[in-house]
Every structure is written in C-alpha cells, then in structure tokens.
Amino acid sequence: MTKPSPTTFSARFAARLFTGVAGALVIFLGVTSAAPAFAVLGEWSTPVNLSAAGQGSGDPQIAVDGSGNAVAIWRRSDGDNNIAQSSWSDDGGASWSASVDLSEPGEGVSNPRIALGGSGVAHAVWNRYDGSNTRVQYTRSVDGGVTWSEPVNLSTAGVNGQNPEIAPDGSGNLVAVWRGSNGDYDIIQSSRSTNSGVSWSTPVDLSLTEQDSRSPQVAFDGSGIAVAVWLRSDGSNQIVQASRSTNGGASWSTPANLSESGVDSERPQIAIDGSGNAIAVWGRDPYGDTIIQSSRLLVGGASWSTPVNVSTAGNSAATPQFAIDGSGNAVAVWRYSGVDGTIIQSSRLAAGGASWSVPVQLSVYPGSSDNPQVAADGLGNAVAVWQQGNGSNNIIRFSQSTDGGASWTVVTDLSEPGQSAITPDVAVDGSGNSIAIWRRSNGENDIIQASFSREISGGGEGLANTGPGGSVNDTALVASAGLLALGVLTRSIIRRRRVLNLR
C-alpha cells in the first residue's frame with residue numbers, strides 16, 4: 001500500500017508545525033481574523049479538495065473518533081478502473097493528508113465504507129471485481145489512516161459479494177455484513193474479527209434461502225450485541241428483516257420480520273443506543289405514499305415492537321437516515337415530497353420513548369432537496385446535511401440542533417456555488433465538532449471535498465457574555481480558541497513522532 005516517504009512526511013510535518021504555531025500565536029495576540037487552519041467557532045470552514053483532479057471520484061464516506069481523528073474514503077478512477085482512496089486528518093478536519101490508494105489496481109472497486117475503532121485503528125471495506133465475481137475486501141490502518149494493510153478477501157470465492165458494511169465496538173471487535181450468494185439466491189452474510197481486523201471468521205449466513213435478500217446494515221455496541229437488518233423478498237414484496245447476535249457475531253438469531261407483509265419496504269437502517277436497545281428505521285410502500293416507519297428491540301427483549309410511523313401520511317417520504325446520541329435520543333431525517341418539491345424533514349425519539357415527535361421541516365424552498373444524512377454526539381448536538389438545487393446546480397446545505405433534534409438552526413450552504421455538489425456524508429465527534437464530505441464537479445471531473453466546524457464545549461452554545469456591548473467576551477474567546485489550537489498542535493507533534501519512529 002502507498003506510504004509517504006520519510007522526506008515527504010518530515011516536510012509535511014514541518015509545514016503543519018509552522019502553521020499550527022502561527023495560528024496559535026495569532027489567536028493568542030487577539031487578532032480578529034481567524035488563523036487559516038481553523039474555522040470560526042460554530043461556523044464551517046471553506047471547502048477543501050481531498051481527491052486529486054484529473055479523474056472522477058465518488059461514493060464519499062467519513063468517520064471520526066472522540067479525539068478529533070478523521071478518515072475519509074471514496075472511489076476514484078485511475079483511468080481504467082475505480083480504486084479505493086483515502087485521506088486522514090488528526091486535527092478535526094483542519095488539514096488533510098494527500099490521498100493514498102487502498103485497493104490494488106486492475107479491477108473495479110465500488111461501495112467503499114469506513115469505520116474508526118479504538119486507539120486510532122481505521123477499518124475499510126469495499127467490493128472489487130476479481131475477473132469472475134465481485135469480492136468483499138477489507139483493509140485496516142493502525143495509525144489513523146497514514147498507512148494501510150494489504151487488502152484481504154472476506155467473502156467466499158466463486159460467488160458474488162457486494163454492498164459491504166462494517167461496524168467496530170471500540171475494543172477491537174468487528175462485524176462485517178454484505179450481500180452474498182449461495183449460487184441460487186442472494187443472501188446476507190457476515191464475518192467477525194476479535195483482534196481488530198488481523199484475522200476474520202469464515203462467513204456465516206444470516207438470511208434464509210429460497211428468496212433473495214439485499215441492502216444489509218449492521219450496528220455493534222460495546223457489550224457484544226450486534227444487530228443486522230436487510231430487505232428480503234417473501235415472494236411478493238420486499239420486507240425488512242433483522243437478526244441479533246449477543247456474542248459479538250459468533251452466532252445469530254433466526255431472522256425476524258419487522259415491516260408489515262403485503263407491502264414493499266426500502267432502505268432499512270439500524271443503530272444501537274448506549275443501553276443496548278436497538279432501533280430500526282425504514283421506508284414503507286416506496287411505490288406509493290411512502291411512510292417512514294420504525295421498530296425497537298429492547299435489550300434483553302425477545303421480539304421487536306409493532307412498527308410505528310415516523311413521518312406523516314399523505315405525501316411520499318423516502319431515503320431515511322438516523323443517528324442516536326450519547327443520551328439515547330434518536331434523530332431521523334428523510335426526503336419528503338412537498339407542494340413545491342422535495343424537502344428534508346426530521347423527527348426525534350426521546351430516550352426510552354415509544355413514539356416519535358411531530359416532523360419538522362429542515363430545508364427551505366426554492367429547490368428540491370435529497371440525500372439527507374445526520375450525525376449526533378454525546379452532548380445533544382445533531383448535524384444534518386443534504387443536497388439541494390439552487391436553480392442552476394445542487395449545493396450541500398446543513399442545519400444543526402443543540403437539543404437532540406427538538407429544534408434546528410437556519411439552513412446554511414456548505415459547498416460553493418458554480419458547480420453541482422451531491423451525495424454528502426457527515427460525522428460528529430464526542431465534543432460536537434463536525435466534518436462534512438461530498439462529491440462536487442470542478443467543471444471537468446467530480447472531486448471529493450470536505451468542510452469542518454468547531455463547537456464550543458457545552459452542546460454548541462455560545463460563551464457567556466461578560467464584556468461590554470452585548471458581544472462575546474474577547475478574552476474568553478481567545479482563551480478557548482487558543483487552547484483548541486494548542487491541543488491540536490500537541491496531538492500533531494505526538495502522533496508524527498510516533499509514526500516517524502515506526503519508519
């Protein structure tokens with residue numbers, strides 16, 4: 001795999017060191033303009049390019065941990081085939097490494113996915129054509145994305161393996177799921193690792209045979225509970241099914257039907273809260289007036305709850321996504337067909353609650369909205385991003401909640417006008433710092449871009465006003481920003497010394 005040379009790495013370290021020192025000095029002296037490497041607290045930075053120009057890129061995904069480390073992944077054409085590429089940041093998205101190739105050249109890659117486990121270990125999966133079939137492949141990085149292991153195959157040779165998803169528990173255990181095949185039908189399969197991706201178990205079947213299954217998703221908590229959901233045909237309709245493992249993916253329960261029979265469902269999503277309760281969300285009746293629905297499986301429970309509506313009936317709601325914050329509150333977003341076009345709506349499920357709140361509208365007209373994504377942290381902050389037409393192109397927009405999805409800020413643009421930007425993703429660390437990533441045209445090719453936002457501790461609320469004129473006290477703001485810069489600089493020095501010692 002591609003590794004930066006010591007000379008290049010040292011030069012980059014020196015440049016970043018100089019930038020960090022300069023930024024910290026500027027903040028300390030109280031200069032009103034922000035240092036180039038940092039966004040204003042509570043605002044988003046100017047977008048930066050992660051992928052190189054010259055060939056098209058797509059399918060971006062972002063993952064962050066609680067220490068401000070971030071790893072982005074995407075697919076990019078090398079002129080002949082798509083390869084998986086990645087970039088990393090150890091300062092919460094203020095700066096990014098040069099992109100590195102993760103997959104081998106020669107055969108096409110699609111559906112790349114990324115996850116961060118504990119101690120700076122990153123895990124990536126994708127499906128890649130081997131000349132006869134698509135195979136699910138895996139690679140890991142033990143230094144937060146600087147270097148990567150040689151890819152290994154997770155799915156079985158001779159049959160197709162596609163649409164992988166991966167989930168870590170933070171303690172070195174991993175569960176991967178994908179759509180495999182038994183030669184006659186598409187089935188959902190899984191493999192697990194108990195040593196942070198060093199080795200993987202033989203794949204096991206989760207779904208039943210005799211009908212096709214697809215669209216798997218998986219969630220994994222820190223107590224050995226893993227839950228997978230997928231779509232399976234019952235001969236007439238696509239229904240949502242789920243299986244749970246209580247031993248870290250070693251064995252799985254018999255699949256349970258979550259959605260109603262007699263009607264199609266789409267896009268199941270799954271998450272587990274801090275207490276081990278599982279929540280599933282999906283779209284019901286995608287060929288009619290689609291409704292977003294949800295079901296819960298309480299920790300220790302034997303069966304899933306009867307589905308409840310998340311969106312309101314009467315207009316089509318689709319493409320659901322949701323996240324659970326550190327207090328167990330769930331926040332869902334989706335695309336809703338309004339009178340003048342599609343809009344983004346949201347609803348929240350309070351921790352321990354059984355019913356979702358009345359939906360609220362996030363996006364505003366004009367322009368139709370699509371592809372919503374949402375992320376939540378441990379402080380009650382949630383960030384939603386989506387793409388929206390502005391009359392000429394699609395732009396990436398966002399709104400934020402500091403009260404677990406009860407209320408949302410005014411919509412703001414993230415991407416710059418002039419060329420279309422689509423398929424965003426977003427992640428939030430434990431302190432409410434956010435990173436968004438998306439695909440944008442540069443006029444010739446699609447490139448991957450990113451932006452970040454810094455939040456003041458305390459759920460993103462502003463600092464108390466202790467100075468004259470009704471403005472935030474300058475001394476407090478300088479101290480807060482200075483500590484942020486100093487912390488980022490210190491972490492950068494420690495990490496680079498550790499990485500250089502490995503060379």
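For reference, positions follow the sequence shown, starting with 1. Treat the numbers as computed from the prediction; the structure is a model and nothing was measured.
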With side chains defined as the heavy atoms from C-beta onward, is the minimum distance between [X] and [Y] less than 4.5 Å?
{"X": "Ile448", "Y": "Asn49", "result": "no"}
{"X": "Pro112", "Y": "Gln61", "result": "no"}
{"X": "Trp88", "Y": "Ser141", "result": "no"}
{"X": "Tyr365", "Y": "Ile343", "result": "yes"}
{"X": "Pro424", "Y": "Gln387", "result": "yes"}
{"X": "Val281", "Y": "Ile292", "result": "yes"}
{"X": "Pro372", "Y": "Thr319", "result": "yes"}
{"X": "Pro164", "Y": "Asn111", "result": "yes"}

Notebook entry, point to check: If you round to the nearest 0.5 Å, how far is OG of Ser401 from CG of Asn381?
Noted result: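 Spacing of CG (Asn381) from OG (Ser401) equals 7.5 Å.
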
Notebook entry, point to check: Roughly how far, to the nearest 0.5 Å, is the CG atom of Leu102 from the CH2 atom of Trp74?
Noted result: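 Rounded to the nearest 0.5 Å, the CH2-CG separation comes out at 8.5 Å.
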
Next item on the list: Determine, for Asp186 against Arg214, whether the closest basic-nitrogen to carboxylate-oxygen distance falls under 4.0 angstrom.
Entry: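 Salt bridge flag = no for Arg214 with Asp186.
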
Regarding [X] and [Y], is there a side-chain donor-to-acceptor distance under 3.5 Å anywhere?
{"X": "Arg76", "Y": "Gln55", "result": "no"}
{"X": "Ser110", "Y": "Asn127", "result": "yes"}
{"X": "Asp234", "Y": "Ser236", "result": "no"}
{"X": "Ser99", "Y": "Ser87", "result": "no"}

Next item on the list: Classify the ring geometry between Trp356 and Phe322 as parallel (under 30°), tilted (30 to 60°) or perpendicular (over 60°).
Entry: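 The arrangement is perpendicular - the two ring planes meet at more than 60°.
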
Check: Do Glu165 and Arg113 pass the salt bridge (charged side-chain N to carboxylate O under 4.0 Å, His left out) test, and can you show the C-alpha distance, the side-chain angles, and the key distance before you say yes or no?
Finding: CA-CA 6 Å; Glu165 298 287 343; Arg113 296 291 185 265; 3.1 Å; yes

Item checked: side chain to side chain contact (heavy atoms under 4.5 Å, CB included) partner of Ile166, the single match among Val125, Val218, Val175, Val177 ->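 Of all the options given, the one that passes is Val125.
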
Note to self: Evaluate Ser392 against Asn390 for side chain to side chain donor-acceptor pair (under 3.5 Å), listing each step before the verdict.
What the structure shows: CA-CA 6 Å; Ser392 300; Asn390 64 359; 4.6 Å; no

Notebook entry, point to check: Is there a side-chain contact (heavy atoms from CB on, under 4.5 Å) between Asp413 and Trp44 once you walk through the steps?
Noted result: CA-CA 9 Å; Asp413 294 348; Trp44 288 80; over 6 Å; no

Checklist line | Under 3.5 Å: donor-acceptor pair, side chain of Arg454, backbone of Gly92 | finding: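 Such a contact is found between Arg454 side chain and Gly92 backbone.
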
Note to self: Treating Arg135 as the side-chain partner and Ser155 as the backbone partner, does any N or O pair qualify as donor plus acceptor under 3.5 Å?
What the structure shows: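 It does hold such a pair.
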
Note to self: Set out, in order, the CA-CA distance, both residues' side-chain angles and the distance that settles side-chain contact (heavy atoms from CB on, under 4.5 Å) for Val146 and Ser97, then state yes or no.
What the structure shows: CA-CA 8 Å; Val146 179; Ser97 71; over 6 Å; no

Item checked: Test log, rule side-chain contact (heavy atoms from CB on, under 4.5 Å), inputs Trp386 and Ser399 -> CA-CA 9 Å; Trp386 62 89; Ser399 183; 4.0 Å; yes

Checklist line | Residue pair Val364, Arg397: steps toward the side-chain contact (heavy atoms from CB on, under 4.5 Å) verdict | finding: CA-CA 10 Å; Val364 294; Arg397 313 196 83 181; 4.1 Å; yes

